[in-house]
> 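Just passing along the structure, written as structure tokens.
As the structure is a computational prediction, the values presented were derived from the model and not from experiment. We count residues from 1, following the sequence as given.
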Amino acid sequence: MRDRLLALLPALLLLIGLLIGLITPRAVRPDAFLAAAMISGAALLPLWGTVLTGVGACGIFVGLMADFDALRDATAYSELATLVAIAAFAVFFNRLLDRRAHQLVQVRSVAETAQLAVLHPIPRHLGHVTLESLYLAAAAEARIGGDLYEAIRTPHGVRLLIGDVRGKGLLAMQAAAMLLSAFREAAHDAPDLPHLACRLETSVSRNASKYPEIPGSEIAERFATALLAEIPDDEPVVRTVTCGHPPPLLLHRGEVLELQPAAPSPPLNLGDLVSDGYHVDLTPFHPGDQLLLYTDGVTETRDRSGTFYPLAERVRSWSGEAPHQLLDHLHRDLIAYSGGALDDDIAALVARRRASL
């Protein structure tokens with residue numbers, strides 16, 4: 001609707017120019033409005049609309065000068081020549097903008113393809129677990145970022161990963177791709193979550209060590225917060241390991257519980273700070289329960305007064321919804337809460353335990 005109204009601006013400026021020419025003294029020329037109409041047409045209209053606006057502006061000027069019997073005035077011809085030049089420039093400017101817009105579409109298409117290659121759509125069902133995901137990148141023009149998630153069915157149950165690489169854009173996506181690849185490989189054969197966390201730490205550190213001598217590179221200093229979860233097939237529990245990541249929320253019979261880790265570990269690539277190994281937290285997870293994993297972009301979303309988004313409070317009213325409906329509510333609520341000004345990558349993953357396979 002807004003774009004349609006903007007498309008009417010060139011015609012409105014032409015009309016204003018015509019009215020000014022008709023109701024004001026002859027010494028007052030509507031050149032400025034006619035020129036503004038052509039330039040705005042170049043930015044807002046397709047080629048044919050830009051050409052018609054230019055022809056219309058020049059036609060209005062000639063008509064007004066004929067009505068004023070001013071066609072013998074050298075100044076009028078000079079002004080007409082200026083308008084013709086502006087019309088030609090408007091056509092050129094329109095073609096330039098169209099070319100840049102086409103290039104942007106191509107770049108966004110490539111970025112989307114790259115993002116899909118890194119962040120695969122997760123299955124809706126893995127064994128006894130129903131899953132749904134949400135991803136929003138802060139780099140809206142490129143649609144890529146450093147938030148990540150994955151879900152894999154393994155001999156140990158369904159294993160989940162959600163993480164957040166420091167930074168945004170292409171460098172963050174490169175680190176996220178490496179971390180996801182490491183998880184997809186190690187999740188199947190790591191005997192437990194601490195071993196899996198160690199494998200991820202080794203992969204992240206090894207990747208960072210490749211870039212210490214690149215001037216201006218931040219890759220060696222990049223770290224990633226991560227949360228690992230395991231939902232076994234034969235036990236009504238969920239096991240979690242937290243590496244500097246926000247705690248998940250357990251939705252149980254209308255209640256929302258924040259699963260604070262007993263002994264959180266530092267983010268990945270800061271493994272030297274881990275002295276006693278990775279601690280596993282065990283929480284009951286019965287059929288019908290849901291686990292909400294999310295990145296800090298969710299809880300750090302602010303309203304106009306600067307207040308952080310109260311995730312647990314908002315989710316409580318949606319706790320009985322199916323995973324996809326819950327994330328639909330969350331998506332719309334985040335946009336409304338921030339006034340449409342989301343400025344950080346956002347990822348969320350919901351896992352719901354079903355009664356049986």
Side-chain angles (χ1 to χ4, degrees), residues 119-136 147-153 157-164 227-242 245-262 280-303 307-340 342 344-357:
L119 200 63
H120 302 162
I122 63 173
R124 284 287 186 89
H125 303 286
L126 284 177
H128 58 288
V129 178
T130 299
L131 299 160
E132 195 65 45
S133 60
L134 170 67
Y135 182 85
L136 301 170
D147 285 18
L148 56 101
Y149 52 75
E150 185 58 286
I152 297 177
R153 181 165 172 76
V158 176
R159 285 181 168 174
L160 310 174
L161 165 69
I162 192 163
D164 183 359
L227 176 73
L228 299 170
E230 179 181 274
I231 306 173
D233 295 335
D234 55 355
E235 297 179 76
V237 299
V238 58
R239 302 183 181 97
T240 56
V241 167
T242 303
H245 200 79
L249 298 181
L250 175 65
L251 282 58
H252 173 72
R253 297 183 179 180
E255 295 296 323
V256 178
L257 306 174
E258 190 174 73
L259 305 183
Q260 289 288 351
V280 177
D281 292 287
L282 186 68
T283 305
F285 192 56
H286 299 284
D289 289 352
Q290 299 193 93
L291 189 69
L292 173 60
L293 288 66
Y294 57 92
T295 57
D296 60 7
V298 175
T299 50
E300 292 181 1
T301 296
R302 298 172 184 260
D303 62 12
T307 304
F308 288 117
Y309 183 74
L311 177 61
E313 176 185 329
R314 297 299 185 107
V315 167
R316 183 170 289 107
S317 60
W318 314 321
S319 60
E321 302 281 359
H324 71 279
Q325 294 173 323
L326 190 155
L327 289 185
D328 284 345
H329 285 301
L330 178 62
H331 186 181
R332 290 194 295 268
D333 198 44
L334 283 169
I335 292 175
Y337 189 84
S338 65
L342 297 174
D344 196 4
D345 298 336
I346 285 175
L349 180 64
V350 174
R352 180 173 190 170
R353 189 176 199 120
R354 292 184 289 160
S356 61
L357 296 180

> R314: which residues meet the side-chain hydrogen bond (donor to acceptor under 3.5 Å, both in side chains) condition with it, sequence neighbours left out?
D333

> Within the side chain of T299, is there an N or O that forms a donor-acceptor pair under 3.5 Å with the backbone of T295?
no

> Say whether, by atom type as modelled, one donor and one acceptor occur between the side chain of E230 and the main chain of V238 under 3.5 angstrom.
no

> Could you check D147 against Y135 for side-chain contact (heavy atoms from CB on, under 4.5 Å), going step by step and ending with a plain yes or no?
CA-CA 8 Å; D147 285 18; Y135 182 85; 3.8 Å; yes

> Tell me, yes or no, whether the heavy-atom count around R253 atom CZ, taken from other residues, nucleotides or ligands under 6.0 Å, exceeds 12.
no

> Compare all side-chain heavy atoms of V350 with those of L131 and state whether any distance is below 4.5 angstrom.
no

> So, D281 side chain and A262 main chain: donor-acceptor pair closer than 3.5 Å or not?
yes

> Would you please test L291 and L349 for side-chain contact (heavy atoms from CB on, under 4.5 Å) and show each step?
CA-CA 8 Å; L291 189 69; L349 180 64; over 6 Å; no

> Run the side-chain hydrogen bond (donor to acceptor under 3.5 Å, both in side chains) check on D164 and H245 step by step: do they pass?
CA-CA 8 Å; D164 183 359; H245 200 79; over 6 Å; no

> Does a side-chain heavy-atom distance below 4.5 Å link L250 with D289?
yes

> So does L327 get a backbone contact from the side chain of E321, meaning a donor-acceptor N/O pair under 3.5 Å?
no

> Taking W318 as the fixed residue, which of H331, H324, H329 is the one that meets the ring pair (Phe, Tyr, Trp, His ring centres under 6.0 Å) rule?
H329

> Is there a side-chain contact between H128 and D233 (heavy atoms, below 4.5 Å)?
yes

> Do I122 and E132 have side-chain heavy atoms sitting under 4.5 Å apart?
no

> When R302 is tested against each of Y309, F308, Y337 for side chain to side chain contact (heavy atoms under 4.5 Å, CB included), which residue passes?
F308

> Judged by atom type as modelled, is there a donor-acceptor pair below 3.5 Å linking the side chain of T307 to the main-chain atoms of D303?
no

> I'd like to check T240 versus L160 (side-chain heavy atoms, cut-off strictly below 4.5 Å). Are they in contact?
no

> Ignoring hydrogens and geometry, is there a side-chain-to-backbone donor-acceptor pair from H252 to G288 under 3.5 Å?
no

> Tell me, do L227 and V241 make a side-chain contact under 4.5 Å, heavy atoms counted?
no

> Is L259 close to T242 at the side-chain level, that is, under 4.5 Å between some pair of heavy atoms?
no

> Only one of R354, R153, R352 forms a side chain to side chain contact (heavy atoms under 4.5 Å, CB included) with H125, so which one is it?
R354

